[in-house]
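Both backbone and side-chain heavy atoms feed into the values below; hydrogens, waters and symmetry mates do not.
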Amino acid sequence: TASLSSKEVKPEEVFHVKFNLLVKEGFHTYAVKQKDPNAASFATTIRVKAASEAPVERAGDIKEPEGKDKLEAALNATITIFEGMVDLEVPLRVKKGIPAGKVKFTLLLQTQVCDDQGCLPFTKNFDFEVGVKDSGKPAEQKADKPTQPEQISKSGEDKRNVTKDTSSSKAAITSSTGSNSPATKQ
């Protein structure tokens, strides 16, 4: 899932989107910050879609837990991975000059989910709406609590509008909220 830290903010005020991912046992996904330059292509990314037209922009680095380093000899890289529950926090701010009212934006999460048999790319759009307050008024501080976390799993049935991988590795991500994008083999 993904949730907003505030439902209403002033222009240029920093707020956060918190992503909760649940990596099923036997699987892993990748950290946003890879320590090894050879592992840069494995980094999970979260970006503002249509960034130049969007009413929000990134306001700093993504906060993530300490990952586990895994040597991938075949790739000549040490890759930082996550297993189990993973919380990522993205700082954003409403751009200067955005008028008061409701604004919509989309964050795009891209990662891979892997087990010892292979990997499956995962891409998902998360749509949000935030109220922009007149800069002279105080902003509301807390938003609703998030629902269930994203679940990253190995599945033979598609109950989630996520395209199944038909190879021996059927790693997929389930979601409880947000709009789904197909996860397909590349």
Side-chain angles (χ1 to χ4, degrees), residues 1-4 16-51 54 58 60-92 105-128 146-186:
T1 62
S3 60
L4 294 168
H16 298 87
V17 174
K18 185 174 183 179
F19 288 86
N20 305 108
L21 305 176
L22 177 59
V23 182
K24 288 281 191 168
E25 190 173 332
F27 290 86
H28 64 268
T29 193
Y30 298 99
V32 172
K33 297 177 196 100
Q34 293 292 332
K35 300 170 196 163
D36 185 338
N38 293 333
S41 64
F42 291 91
T44 293
T45 61
I46 302 171
R47 66 179 179 85
V48 178
K49 282 190 76 171
R58 284 272 301 275
D61 292 335
I62 295 172
K63 183 180 173 184
E64 63 184 339
E66 186 70 28
K68 175 180 166 185
D69 291 336
K70 179 180 179 185
L71 177 63
E72 291 286 349
L75 302 173
N76 192 31
T78 299
I79 300 172
T80 306
I81 65 170
F82 295 127
E83 298 171 318
M85 181 59 81
V86 182
D87 293 327
L88 305 174
E89 193 171 298
V90 182
L92 299 169
F105 63 96
T106 301
L107 295 181
L108 174 64
L109 170 74
Q110 293 179 299
T111 192
Q112 293 186 73
V113 184
C114 303
D115 65 5
D116 58 359
Q117 297 178 19
C119 295
L120 182 66
F122 175 75
T123 300
K124 183 171 180 177
N125 289 312
F126 291 85
D127 298 314
F128 297 97
T147 57
Q148 298 176 358
E150 295 301 313
Q151 294 184 14
I152 300 175
S153 67
K154 191 169 198 171
S155 173
E157 293 183 11
D158 186 354
K159 299 177 183 175
R160 306 146 275 113
N161 296 328
V162 176
T163 303
K164 286 189 284 185
D165 176 16
T166 57
S167 71
S168 63
S169 176
K170 296 179 182 171
I173 296 180
T174 64
S175 84
S176 56
T177 61
S179 59
N180 285 325
S181 294
T184 58
K185 275 278 192 197
Q186 291 182 340

### Message
To the nearest 0.5 Å, what is the distance between OG on S3 and NE2 on H16?
### Response
12.0 Å
### Message
Distance check, rounded to the nearest 0.5 Å: I46 atom CD1 versus T44 atom OG1?
### Response
7.5 Å
#### Entry: Gap between atom CG of L108 and atom CG of N125 - 0.5 Å precision
5.5 Å
### Message
Treating K33 as the side-chain partner and I62 as the backbone partner, does any N or O pair qualify as donor plus acceptor under 3.5 Å?
### Response
yes
### Message
Would you call the rings of H28 and Y30 parallel, tilted or perpendicular, taking 30° and 60° as the class edges?
### Response
perpendicular
### Message
How long is the straight-line distance from OG1 of T45 back to CD of Q110, given to the nearest 0.5 Å?
### Response
4.0 Å
### Query
Side chains of V17 and F126: does their closest heavy-atom pair fall under 4.5 Å?
no
### Query
Going by the salt bridge (charged side-chain N to carboxylate O under 4.0 Å, His left out) test, which pairs reach into residues 74-86, not counting sequence neighbours?
K68-E83
### Message
With rounding to the nearest 0.5 angstrom, report the CG to CZ distance, L107 to F19.
### Response
5.0 Å
### side-chain contact (heavy atoms from CB on, under 4.5 Å) evaluation trace for L75 with N38
CA-CA 8 Å; L75 302 173; N38 293 333; over 6 Å; no
### Query
Looking only at heavy atoms, what is the nearest atom pair of P91 and E89, with distance?
CD-O, 3.6 Å
### Task
Check whether any side-chain heavy atom of T29 lies under 4.5 Å from a side-chain heavy atom of F122, and answer yes or no.
no
### Task
Under the ring-ring contact (aromatic ring centres under 6.0 Å, His included) rule, collect the residues that match up with F82, sequence neighbours excluded.
none
### Task
Using side-chain contact (heavy atoms from CB on, under 4.5 Å) as the criterion, point out the one residue from I79, D36, T78 that pairs with L71.
T78
### Query
Do other residues, nucleotides or ligands put more than 12 heavy atoms under 6.0 Å from K63 NZ?
no
### Query
NZ/K70 to SG/C114 distance, rounded to the nearest 0.5 angstrom?
7.5 Å
### Message
So which atom in C119 and which in Q112 form the shortest heavy-atom distance, rounded to 0.1 Å?
### Response
CB-OE1, 3.4 Å
### Task
For residues P65 and D87, determine if any side-chain heavy atom of one lies less than 4.5 Å from a side-chain heavy atom of the other.
no
### Message
Tell me whether E64 contacts the main-chain N or O of V32 through its side chain, where contact means a donor paired with an acceptor under 3.5 Å.
### Response
yes
